[in-house]
Amino acid sequence: MGKINQKRYSYDAANCQVGIVSMKADGKTEKLRQTNRYDGEGLRYETEENGKIIRFLFDRGRIGTGKQKKSATQGNTSRFL
């Protein structure tokens with residue numbers, strides 16, 4: 001059998017998923033790191049995944065636009081939903 005990758009999930013007091021860390025089969029090498037940030041109403045407004053930031057804009061509780069921003073060294077990219 002092949003080796004199994006490991007994932008670790010973390011949640012805040014409101015039971016919102018605030019992070020995911022995925023490790024390669026060796027258990028030492030990080031494959032994925034994701035951090036989620038939420039506003040006071042519990043809506044996710046930002047996700048950071050391996051250094052890339054995606055921001056979400058809401059209008060009356062519904063998602064209007066997603067904007068993706070790469071790190072300062074990679075430049076900026078916008079993506080509209």
Going by the rule side-chain hydrogen bond (donor to acceptor under 3.5 Å, both in side chains), which residues pair with Arg33 if we only count those two or more places apart in sequence or in a different chain? Glu30
Under the rule for salt bridge (charged side-chain N to carboxylate O under 4.0 Å, His left out), what residues qualify as partners of Glu46, not counting sequence neighbours? Arg37, Arg55
Let me have the donor-acceptor pairs involving side chains of residues 11-22, under 3.5 Å, with sequence neighbours excluded, atom names and distances please.
{"residue": "Asp12", "atom": "OD1", "partner": "Ala14", "partner atom": "N", "Å": "3.0"}
{"residue": "Asp12", "atom": "OD1", "partner": "Asn15", "partner atom": "N", "Å": "3.1"}
{"residue": "Asp12", "atom": "OD1", "partner": "Cys16", "partner atom": "N", "Å": "2.8"}

Hey, could you give me the NZ/NZ distance between Lys24 and Lys31, rounded to the nearest 0.5 Å? 7.5 Å
Among residues at least two apart in sequence or on other chains, which ones pass side-chain hydrogen bond (donor to acceptor under 3.5 Å, both in side chains) with Thr47? Asn36
What's the shortest heavy-atom distance between Thr29 and Asp26, and which atoms? OG1-OD2, 2.7 Å
For the CG atom of Leu32 and the NZ atom of Lys7, what is their distance to the nearest 0.5 Å? 7.5 Å
